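Have a look at the structure below before the remarks.
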Amino acid sequence: MASAAAIALAVLTVCFATLRVHLKGGNQCEMTWSRPSYRPMATATTNSNTTDATDCYRLLHYVDGFSGFTAESPPKFDPDRLPLLFVPGHLGSHLQVRSLGVTMVELEAPIDVYTLDFTHTVTAVHGSLLWEQASHIVDAIAAIRAQYPAPAPPVTIVGHSYGGLAARAAVMVPGFVPDSVRNIFTLGTPHPRPPYPLDASISRVHDTVNAYW
């Protein structure tokens with residue numbers, strides 16, 4: 001429960017900081033300073049020999065220098081810590097995880113932070129891209145949980161923009177393991193419908209996911 005509260009507090013901190021900027025005009029919030037590095041992790045997808053355009057997607061373990069570790073430090077997967085996966089959205093970047101990651105360090109939360117690199121994909125233009133990302137989320141969850149002693153802890157997901165919809169879609173992907181996800185937090189996700197329905201396929205994804213949930 002304490003870990004879930006820490007995640008919720010970190011997410012709310014980012015949300016309220018953004019809201020404060022919009023209400024007051026200009027950047028009135030305090031800066032978060034970080035020393036990020038990213039440790040690549042293999043997944044079932046990255047280990048495959050496919051030639052799909054999304055083959056360049058990566059799973060990364062976020063490590064902050066303020067924690068005393070770097071990406072070159074030997075990884076330690078404490079069974080008492082819980083994994084958190086950040087999923088970027090339309091044209092998003094894995095670098096957006098930095099504020100969330102360093103906040104966990106500052107809170108001394110027992111949370112290991114991971115992020116997916118979707119290479120700034122324009123997810124909102126076609127439904128097939130979102131389903132591809134949902135499949136990568138399932139592979140990422142399996143790879144993350146494999147690092148921890150059994151019984152592996154469930155993963156908490158924080159999805160930004162279309163990353164939130166991809167996270168919801170992931171539970172519908174074949175191979176998804178029930179109870180492998182603890183919570184899904186979404187930030188700025190257009191849940192009801194696409195803001196710009198450029199292709200019918202993305203509208204169908206919204207309808208399918210919302211009908212399932």
Side-chain angles (χ1 to χ4, degrees), residues 4 7-25 29 43 45 52-60 84-100 113-142 144 154-213:
I7 295 171
L9 178 59
V11 172
L12 288 173
T13 298
V14 175
C15 290
F16 283 124
T18 304
L19 179 62
R20 186 178 177 186
V21 171
H22 286 295
L23 291 178
K24 291 191 173 183
C29 60
T43 68
T45 307
D52 193 278
T54 59
D55 216 24
C56 54
Y57 290 170
R58 299 184 299 162
L59 172 63
L60 304 168
L84 180 152
L85 175 63
F86 175 77
V87 183
H90 176 79
L91 287 172
S93 168
H94 66 282
L95 300 177
Q96 293 171 302
V97 77
R98 290 179 295 182
S99 293
L100 187 60
V113 178
Y114 304 85
T115 180
L116 279 164
D117 177 11
F118 283 155
T119 64
H120 306 280
T121 297
V122 286
T123 313
V125 302
H126 202 275
S128 64
L129 295 173
L130 191 137
W131 286 117
E132 286 284 352
Q133 293 185 355
S135 295
H136 280 266
I137 292 172
V138 172
D139 289 341
I141 292 170
I144 290 169
V155 177
T156 291
I157 298 177
V158 176
H160 175 251
S161 179
Y162 263 90
L165 191 66
R168 293 175 61 209
V171 305
M172 305 170 61
V173 172
F176 175 79
V177 177
D179 300 323
S180 63
V181 171
R182 180 184 299 270
N183 296 296
I184 298 177
F185 295 90
T186 63
L187 304 172
T189 298
H191 292 293
R193 63 187 64 86
Y196 304 101
L198 302 177
D199 187 271
S201 63
I202 193 67
S203 297
R204 287 195 295 270
V205 172
H206 280 264
D207 293 342
T208 302
V209 172
N210 289 329
Y212 182 87
W213 284 75

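The first residue of the sequence shown is numbered 1, and numbering continues consecutively from there. Excluded from the calculations below are hydrogen atoms, water molecules and symmetry mates; all remaining heavy atoms, backbone and side chain alike, are included. Just so you know, these numbers come straight off a predicted model, no measurement behind them.
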Heavy-atom closest contact ([X] atom, [Y] atom, distance):
{"X": "V173", "Y": "A134", "value": "CG2-CB, 3.8 Å"}
{"X": "H191", "Y": "T186", "value": "NE2-OG1, 3.0 Å"}
{"X": "L116", "Y": "H94", "value": "O-CB, 3.5 Å"}
{"X": "A169", "Y": "V209", "value": "CB-CG2, 3.8 Å"}
{"X": "N210", "Y": "P192", "value": "ND2-O, 3.4 Å"}
{"X": "S161", "Y": "G89", "value": "CB-CA, 4.0 Å"}

Original post:
After noting the C-alpha distance and the side-chain angles of H206 and Y162, does the key distance pass the ring-ring contact (aromatic ring centres under 6.0 Å, His included) rule?
Top reply: CA-CA 10 Å; H206 280 264; Y162 263 90; 5.5 Å; yes
Original post:
Can you tell if the side chain of V125 reaches within under 4.5 Å of the side chain of D199, non-hydrogen atoms only?
Top reply: no
**OP:** Compare all side-chain heavy atoms of F176 with those of P174 and state whether any distance is below 4.5 angstrom.
**Re:** no
Any donor and acceptor pair, going by atom type alone, linking the side chain of [X] with main-chain N or O of [Y] inside 3.5 Å?
{"X": "H90", "Y": "T123", "result": "yes"}
{"X": "S201", "Y": "G127", "result": "yes"}
{"X": "T121", "Y": "F118", "result": "yes"}

Would you compute the distance between atom [atom1] of [X] and atom [atom2] of [Y] and round it to the nearest 0.5 angstrom?
{"X": "I157", "Y": "R168", "atom1": "CD1", "atom2": "CZ", "value": "12.5 Å"}
{"X": "L165", "Y": "W213", "atom1": "CG", "atom2": "CH2", "value": "10.5 Å"}
{"X": "L85", "Y": "L60", "atom1": "CG", "atom2": "CG", "value": "10.5 Å"}
{"X": "Y114", "Y": "I141", "atom1": "OH", "atom2": "CD1", "value": "12.5 Å"}
{"X": "H136", "Y": "T43", "atom1": "NE2", "atom2": "OG1", "value": "7.0 Å"}
{"X": "Q133", "Y": "S128", "atom1": "CD", "atom2": "OG", "value": "10.0 Å"}

Original post:
Would you find more than 12 non-hydrogen atoms of other residues, nucleotides or ligands less than 6.0 Å from D179 atom CG?
Top reply: no
